[in-house]
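FYI, side chains are in, hydrogens and waters are out, and symmetry mates aren't considered; it's all heavy atoms of this structure. As the structure is a computational prediction, the values presented were derived from the model and not from experiment.
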Amino acid sequence: MRIVVVGDVLLDVDIAGHATRLCPDAPVPVVDVGSVQRRAGGAGLVAKMLAADGHHVTLVTVLSDDDSASHLERALEGVTVIAGPSGAPTPVKTRVRADGHPVVRFDEGCEPAPVPAVTEPMLHALEQAKAIVVADYGRGLTAAPELRMLLESLASQIPIVWDPHPAGTEPVPGVEAVTPNLSEARKFSVLAGEFRGGGPKGGDRSEDPGYIAAALLRNWHSKAVLVTLGARGAVLVRDDGRPALTVPAPATSVSDPCGAGDRLAASLAVHLLDGLNVDDSAVLAVREAAAFLGAGGVANLAGEREPVKLHGSVTDALALARNVHAAGGTVVATGGCFDLLHAGHIRALAAARRLGDCLIVCLNSDESVRRIKGEHRPIISQEDRTEMLLALEYVDAVMVFDEDTPEVCLGQLRPDLWVKGGDYDVTELPETAIVEGWGGRCTTVPYHPARSTSNLAEALLKVG
């Protein structure tokens with residue numbers, strides 16, 4: 001058991017349809033419902049994100065025994081859930097959209113809830129964690145004394161990322177990072193007495209994210225505070241006295257920002273678990289949150305897209321791309337050498353495949369790899385690399401190219417999405433301008449730095 005998510009869960013319901021007329025009873029749109037999607041929200045969303053990335057994740061939470069809880073349990077399929085009784089109705093947030101535009105949101109069962117009891121299995125699951133994400137949604141779980149005592153003792157042993165909520169509780173001391181957004185950070189600062197009498201003690205610095213983050217760091221006694229700023233990225237303040245670090249976010253087209261904070265907290269915990277320092281982890285987490293939104297956000301994670309229906313089996317990359325486009329589907333492509341497949345490759349390919357209706361791998365040929373990596377590479381021939389990739393359930397076709405870069409390959413496939421690992425900045429990729437030329441987009445999937453072909457090759461060399 002590697003990553004544990006602990007916190008409050010809720011049920012998100014998305015109702016989508018079309019609106020072509022107004023109601024005769026009042027000047028409001030009539031929405032003809034086309035689809036209803038139920039998905040896990042709160043800590044459940046964080047757990048689903050991590051599970052979708054291929055991580056072994058356990059969710060520690062509390063659940064009700066009502067009909068909404070049954071829907072929630074089904075939405076959490078693929079996640080190990082250790083839950084106690086909540087003592088309150090399941091909170092449900094229902095969003096209605098007409099032609100992609102929000103119309104209204106209904107909240108049910110969202111009244112303040114009592115602090116729930118924490119069971120021994122819940123505490124035991126936390127004790128087995130290698131990293132923890134606390135997703136506090138203000139429903140009382142993080143106020144449980146036994147839970148707080150255990151989290152405080154674990155903070156000195158493993159990375160804990162705390163995503164706070166103004167209606168929730170303060171983070172326990174010593175956690176690796178706390179990740180409020182700017183609006184939340186301002187509210188926490190007021191609650192902490194940082195701003196009094198209509199103005200801040202620090203003069204006009206109430207709009208300074210670095211100042212606010214530093215004030216919260218002093219109050220919370222955490223190792224770092226990462227205040228997210230939406231499209232502007234984030235500001236990181238650490239407890240070692242270094243100046244605040246501004247982390248820019250790549251430019252991203254966003255239709256729905258829901259889930260960005262959850263994605264950031266999840267990614268931050270993964271990179272800290274992989275051994276990166278908090279600065280590098282924050283940079284990657286901001287990139288991955290932006291990429292998550294650029295790839296469709298929670299709508300994509302929830303699987304709202306109906307898969308395209310193709311007739312017969314198609315393995316040729318160009319034919320597959322043509323057929324998927326003709327059926328109105330989304331073609332996803334990625335590329336690389338894929339010499340010595342490892343867990344990082346598998347997770348990246350799985351994440352890329354979930355972004356569309358097919359995944360085509362543009363594979364560097366042996367000659368191409370040799371020019372790029374040196375005369376001792378590749379270790380595995382292009383025929384074997386192709387066979388191994390096609391054996392993966394995530395890969396639908398492979399297209400081998402002899403050039404050093406995949407521009408020609410991309411021009412033939414014309415994918416809707418070109419996907420790279422989170423260690424890349426899509427704004428600096430030469431492929432970005434090419435793909436955007438036909439209306440496509442470039443995005444990234446989470447990067448796993450502890451896994452690399454070079455490391456594997458060095459290990460093989462040592463053991464002969």
Side-chain angles (χ1 to χ4, degrees), residues 16 34-35 52 99-100 252-253 255 291 294-297 299-338 341 345-369 381-421 424 426 429-445:
S35 65
D99 302 301
T252 305
S253 176
S255 58
N300 178 72
L301 185 70
E304 291 180 346
R305 179 194 297 108
E306 289 291 327
V308 300
K309 295 178 175 60
L310 301 177
H311 299 289
S313 176
V314 181
T315 56
D316 175 74
L318 290 175
L320 176 63
R322 285 193 297 268
N323 286 10
V324 171
H325 279 144
T330 299
V331 175
V332 182
T334 189
C337 301
F338 294 96
L341 279 174
H345 288 142
I346 303 302
R347 293 177 186 176
L349 291 169
R353 180 60 178 83
R354 283 188 290 270
L355 299 178
D357 297 289
C358 72
L359 175 62
I360 299 172
V361 175
C362 300
L363 183 70
N364 293 74
S365 69
D366 289 350
E367 286 299 318
S368 176
V369 175
S381 70
Q382 68 189 48
E383 291 80 12
D384 286 355
R385 287 183 284 133
T386 299
E387 183 177 343
M388 288 189 292
L389 286 167
L390 287 174
L392 301 174
E393 62 177 311
Y394 317 112
V395 177
D396 298 287
V398 174
M399 189 172 188
V400 179
F401 64 94
D402 288 317
E403 299 78 19
D404 292 348
T405 56
E407 280 90 342
V408 174
C409 196
L410 286 172
Q412 295 173 319
L413 293 171
R414 299 173 73 86
D416 302 285
L417 279 175
W418 174 247
V419 179
K420 297 293 286 184
Y424 288 90
V426 295
L429 287 174
E431 300 95 317
T432 297
I434 296 169
V435 174
E436 290 179 348
W438 55 75
R441 291 186 293 113
C442 293
T443 189
T444 60
V445 293

So, using side chain to side chain contact (heavy atoms under 4.5 Å, CB included) as the criterion, who are the partners of Arg353 when residues are at least two apart?
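Result, side chain to side chain contact (heavy atoms under 4.5 Å, CB included) vs Arg353: Leu359, Tyr394, Asp396.
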Qualifying residues under side chain to side chain contact (heavy atoms under 4.5 Å, CB included), relative to Ser381, sequence neighbours excluded:
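With sequence neighbours excluded, Ser381 shows a side chain to side chain contact (heavy atoms under 4.5 Å, CB included) to Asp366, Glu383, Asp384, given in chain and number order.
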Looking at every heavy atom in both [X] and [Y], which two are closest together, and how far apart are they?
X	Y	answer
Asn364	Asp404	ND2-O, 3.8 Å
Val331	Ala321	CG2-O, 3.8 Å
Trp418	Gly335	CH2-N, 3.4 Å
Leu390	Ala397	CD2-CA, 3.8 Å
Gln412	Met399	OE1-CE, 2.8 Å

Run the side-chain hydrogen bond (donor to acceptor under 3.5 Å, both in side chains) test against [X] and tell me which residues pass, sequence neighbours left out.
X	result
Glu407	Thr405
Asp99	His18
Thr386	none

Run through Leu341, Val369, Val400 and flag the one making a side chain to side chain contact (heavy atoms under 4.5 Å, CB included) with Arg385.
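Single pass found, and it is Val369.
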Do the non-hydrogen side-chain atoms of [X] and [Y] ever get within less than 4.5 Å of each other?
X	Y	result
Val398	Glu387	no
Asp402	Ser368	no
Val361	Leu349	yes
Leu413	Cys409	yes

Applying salt bridge (charged side-chain N to carboxylate O under 4.0 Å, His left out), can you list everything that pairs with Glu367, at least two apart in sequence or on another chain?
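Arg370.
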Any chance you could lay out the side chain to side chain contact (heavy atoms under 4.5 Å, CB included) test for Phe401 and Leu363, step after step, and finish with the verdict?
CA-CA 6 Å; Phe401 64 94; Leu363 183 70; 5.6 Å; no
Please check this pair: side chain of Trp438 against backbone of Asp416, looking for a donor-acceptor N/O pair closer than 3.5 Å.
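No; judged by distance alone, with no hydrogens or angles, the pair does not exist.
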Atom NZ in Lys420, atom SG in Cys442: separation rounded to 0.5 Å?
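Result: 10.0 Å between the selected atoms.
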Once rounded to the nearest 0.5 Å, what's the spacing between atom CZ of Arg414 and atom CG of Leu318?
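Result: 12.5 Å between the selected atoms.
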